[in-house]
Amino acid sequence: MHRPRALTWVACFLYVSVLVAGLAVASTGPVDPARSSAFAGALLLAGGLEIAAGRFTGSRTLAIAGLVVRAVLYTVITVLDSSGNAKVLFVLLPLTAYFTVGHRVAYALAGGGLLLAGIIVLGRPALRTNPEALSDLLMFTIGVVFALAIAVIAEREETGRRRAETLLTELSDAHARLREYADQAVSLATVAERTRVARDIHDSVGHHLVVTAIQLEKSAAYRSLDADIADRALAEGRHSTRLALDEVRRAVGTLRADDTQFTLATALRALAIRLDDTGFAVSLDLTGTEDTVGEPVRLALYLAAQEALTNARRHSGATAVAVRVDLTPATGVLDIADNGTGFAPGTVEGQGLTGMRERLDLVDGEVRITSSTTGTRLVVRIPVVAR
């Protein structure tokens with residue numbers, strides 16, 4: 001354990017007190033300059049040892065050597081002391097040992113010192129009946145016990161202080177990490193929001209714009225052949241444009257503007273009607289009930305169907321697409337198959353399929369796509385109880 005600075009001051013205070021008392025008593029009788037000088041020198045040497053030990057922390061071996069030197073000095077000082085007060089210095093031995101070499105050595109020194117003092121006093125009949133000797137033994141015992149009690153209190157205080165400092169450091173580090181995590185969370189939330197907006201724009205606005213483009217091309221192609229078909233295509237294009245504008249308003253408002261419950265069957269029928277065209281027939285077969293399927297699952301199935309049908313209309317060269325939806329209490333399944341030319345294995349997925357996979361992952365769904373020269377099939381499966 002770290003040696004308290006107060007221990008040095010306590011020891012030096014006792015040295016000065018013993019020095020003053022010893023010289024005062026010595027001055028009342030015949031003065032022995034040699035004895036007084038040796039007495040004062042030993043006390044000064046002990047004080048210098050305490051100051052040096054307080055400034056420099058050595059090894060355990062040096063600490064034990066310091067205890068031995070102190071014991072020798074205290075013995076010399078006690079022999080040279082004229083007042084008889086130097087015996088109190090031996091209380092410093094277990095106190096110093098407690099902070100320098102450990103508890104066990106301190107307790108051993110305290111027990112050994114008390115045993116030796118008791119043998120000296122109680123083992124001699126003359127001292128056994130001497131009130132002053134018995135009083136010295138009692139005071140020495142109280143001093144040793146008091147010193148060790150102070151040492152225990154000081155150790156606990158030091159341990160508590162260090163623990164508080166460690167806790168403060170850990171709290172500061174934790175606070176810094178929390179701030180770092182918070183910054184990362186903000187950054188991730190920003191990225192996630194950008195991804196969501198991009199996905200929403202592609203799945204909603206992008207789809208309606210594609211339908212608008214198809215209907216405008218159809219209107220232009222049939223203008224000279226069949227004016228009624230051209231007018232209907234133009235009207236459908238306007239309708240898709242209005243839907244795209246509504247989706248833009250919803251995206252700007254972050255939340256969906258309407259409070260009506262989303263109906264999968266109605267949305268799929270409207271999607272099939274918009275895309276059904278001469279040379280591109282869309283059939284729809286929906287089984288099961290929507291009451292057992294939550295809106296997030298129904299919306300994910302619809303957006304997957306929207307993406308798949310749009311891709312089939314634009315890229316597959318298919319003339320017919322079959323859409324089958326099966327809703328059960330356990331799963332929602334979407335199965336879309338076309339008779340197009342398919343796509344080559346290893347083809348890089350576009351943003352639409354990537355967004356579809358991301359949306360399905362949010363509801364624990366999965367998608368499986370198979371393709372050949374005779375057509376492409378997409379199967380989406382979503383558990384009804386999703387996170």
Side-chain angles (χ1 to χ4, degrees), residues 192 195-208 210-211 243 246-247 250-251 255-276 280-316 318 320-340 343 349-371 375-387:
T195 302
R196 184 193 67 79
V197 171
R199 188 168 57 232
D200 288 346
I201 291 176
H202 178 275
D203 292 345
S204 57
V205 178
H207 165 74
H208 295 308
V210 169
V211 173
L243 292 177
D246 291 340
E247 292 295 342
R250 292 176 185 178
L255 301 175
R256 292 188 175 274
D258 58 336
D259 296 328
T260 59
Q261 186 178 17
F262 175 79
T263 304
L264 179 61
T266 303
L268 286 177
R269 291 191 186 98
L271 178 64
I273 292 173
R274 287 199 304 270
L275 292 178
D276 189 84
F280 188 78
V282 180
S283 63
L284 176 62
D285 181 18
L286 192 149
T287 60
T289 175
E290 297 188 30
D291 296 338
T292 59
V293 181
E295 183 171 338
V297 175
R298 287 183 274 120
L299 182 59
L301 290 173
Y302 169 75
L303 292 175
Q306 178 179 272
E307 179 63 28
L309 288 174
T310 302
N311 287 342
R313 179 68 174 80
R314 296 178 61 191
H315 306 300
S316 71
V321 180
V323 180
R324 290 187 293 275
V325 178
D326 184 20
L327 303 178
T328 71
T331 58
V333 180
L334 169 70
D335 190 335
I336 299 180
D338 65 48
N339 62 350
F343 56 87
E349 293 185 354
Q351 184 177 2
L353 286 179
T354 300
M356 180 194 300
R357 295 186 187 277
E358 292 174 351
R359 282 188 180 275
L360 292 176
D361 182 66
L362 294 176
V363 289
D364 294 337
E366 59 179 8
V367 58
R368 181 169 55 87
I369 303 175
T370 57
S371 183
T376 301
R377 184 179 182 186
L378 178 144
V379 178
V380 173
R381 187 179 303 273
I382 305 175
V384 171
V385 182
R387 69 174 181 269

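For the residue pair A318 and G340, the shortest heavy atom distance occurs at CB-N, 3.6 Å. Closest approach of D338 and A312 over heavy atoms only: OD2-CB, 3.8 Å. Taking all atoms of both residues into account, the shortest heavy-atom contact from A272 to V282 is CB-CG1, 3.7 Å.
Within the 4.5 Å cutoff, the side chain of V297 has no heavy atoms near those of the V384 side chain. Proximity of T376 to I336: side-chain heavy atoms (C-beta onward) are nowhere separated by under 4.5 Å. Between M356 and L303 there is no side-chain heavy-atom pair separated by less than 4.5 Å. Counting heavy atoms from C-beta outward, R298 and E295 have side chains that approach closer than 4.5 Å. Looking at L264 and L327, their side chains come closer than 4.5 Å, going by heavy atoms from C-beta outward. Contact of the L275 side chain with the V321 side chain is not registered, since no non-hydrogen atoms from C-beta on lie closer than 4.5 Å.
In this structure F280 satisfies the ring pair (Phe, Tyr, Trp, His ring centres under 6.0 Å) test with no other residue, sequence neighbours excluded. A322 is linked by a side-chain contact (heavy atoms from CB on, under 4.5 Å) to S283, R324, counting only residues two or more places apart in sequence or in another chain.
In this structure, the side chain of T331 does not engage the main chain of V333 through any donor-acceptor pair within 3.5 Å. Counting only distance, with no hydrogens or angles, the side chain of E290 and the backbone of T263 share no donor-acceptor pair below 3.5 Å.
The side chain to side chain contact (heavy atoms under 4.5 Å, CB included) test with I382 singles out one residue from V367, L334, L360, V293, and that residue is L360. Across E307, R313, R314, a single residue satisfies side-chain hydrogen bond (donor to acceptor under 3.5 Å, both in side chains) together with N311, and that is E307. Of the candidates D335, D285, L309, V323 forms a side chain to side chain contact (heavy atoms under 4.5 Å, CB included) with just one, namely L309.
Between R381 atom CZ and D326 atom CG the span is 9.0 Å, to the nearest 0.5 Å.
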